[in-house]
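By convention here, the first residue in the shown sequence is residue 1. In listed order, ligands and their atoms are each counted from 1.
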Amino acid sequence: MLCKEAVHTAALGVSMASLDDILRSLTPEEQRPLMLGPHAFPWLWRFFMPAELKSFRVPEEKNATCGNCPRVCDAGYRPDYRCCTYQPRVPNFLLGLASQTPLGSQALARAEEQQMLLPEGMVASPQQWLDFMEDQEQDLYGRSQRVLCPLLETKTGLCSIHAFRNAVCSTYFCEHEQGEAGEIFWAQLQTLGSQIELGLAQWALDQLGFSVPNYLEQLDSYAPRVEQLSAPQGWRSEILRELWGPWYGRSQELYQRCAALIVAHRHELWQLANTQTLREAKAFEAALDALSGEDTELQEPGAPEPAALTWEYCREAHAALWTPSNGRG
Ligand code: SF4
Ligand code: SF4
C-alpha cells in the first residue's frame, strides 16, 4: 500500500478546517498578488519567499508583451498557446487553491481527463516529456502540435490558474531588458521557487500521512520500463492507480487538503522550506533522461541545498543586474 489513509489531524497542530474556511479567514491584503515592479506573482509568494524579495528592483521586461505576443509574428509561435507549448509541473497545493475558482476547477478537470495528475501535482508522463524534448531538438517550442498545457483556457488564450501558476511559469519572460544578467536573475528565482514548491508539496503529503518515500520508491521501480508507463495522453490508468493508492480518484480532495495545510501554516513556509528534506525518485529521473538521450549519472542522495543558500544566489544575481558593468543598470 502506497499511502496511509489515516489523517492524523491532532499531530498537525491545526484543525482540518476546510480550504474554503481557511481562505475566508485571510485578509484581502494577504490574497493580493505580490507585485515586483509591474509583474504580478502568486499571493503565496508573500509567504514562502524571503521577505527581502519584496524590496527588490526587478527588470520591467516591457518587451514580453504577452497580450500581444511578439513571438507569434517574429518566431512563428502558435497564437493560441504561444509559450504554453509546455506541460509544467504544478505542485499539489497550488492545484488545490486553483480548484476553488471556476476556471481553475475546469482546468483541473482537463488535466485529470488527460491523466496528468499525480499526488505531488500535475506531472507530464514519460512520453509527454519525450515529446517535449524532441520538440526542443527540432526547434518546435512555441509551434508544437502535441505538447500543450491543459491549464490554458483555449477560448481566451489565458492561463486558467494564473494566480496559482508555478515558479517556472511565473518567472518566464521571453525577452530580457537586462540581457543575460536578467535571464540569470529570473532563472535563479525560478530555481528557488521550484525548490520551495517541491519541498512544500512533499511536506503537505507527509502531514496527511501519505508516504512520500513509498511513492518515490514506486516511481523508481518503474525505471527499467519507463517507456511503458504512458497512455496516448498522460499516464496509464493502472500506473495512476498504483501511485495514488487509496487516494485514487480523490485528487481534488488531496490537493485541497494540501492547500489547506499550506495556507494554515503560511507564516512558517519559508522556515518549512528550509528544514524540509527534498526527496527525489533518482532512478526514475535517470531513466527519463536516458529515454530522451541525456546521459545522467545516478547520484547517491546527498544533503540538499537549503533554500536559504539558493536565496543567496538570487541576491547575487539581483546585485549583478544593477551594476554599472552590466552596462544596462
Ligand atoms: S512570455 Fe510567452 S506569451 Fe509572453 S510575450 Fe513571451 S512568448 Fe509571448
Ligand atoms: S500553467 Fe498557465 S502559464 Fe503555465 S504553461 Fe500552463 S497555461 Fe501557460
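We find that R315 and E312 are joined by a salt bridge, their nearest charged nitrogen and carboxylate oxygen being less than 4.0 Å apart.
Checking each of W45, W311, W186 against F56 for a ring pair (Phe, Tyr, Trp, His ring centres under 6.0 Å) leaves exactly one that passes, namely W311.
Protein contacts to atom 8 (Fe) of ligand 1 involving N, O or S atoms at a distance below 2.8 Å are C69 SG. The set of protein atoms (N, O or S) found at less than 2.8 Å from atom 2 (Fe) of ligand 2 reads C159 SG, by chain and number.
Using the six-membered ring where Trp is involved, F93 and F48 have ring planes that are perpendicular, over 60° apart on the 30 and 60° scheme. Using cut-offs of 30° and 60° for the angle between ring planes, the F173 and H39 rings count as tilted.
For the pair A281 and L216, the tightest heavy-atom approach, listed with the atom from each and the gap, is CB-O, 3.7 Å.
A cation-pi contact links R250 to W247, judged by a cut-off of 6.0 Å to the six-membered ring centre and 45° from its axis.
When the side-chain contact (heavy atoms from CB on, under 4.5 Å) test is applied to L158, the partners found at least two apart in sequence or on another chain are T156. Looking at residues two or more places apart in sequence or on another chain, you find a ring-ring contact (aromatic ring centres under 6.0 Å, His included) between F185 and H318.
The shortest distance between side-chain heavy atoms of F132 and Q87 does not fall below 4.5 Å.
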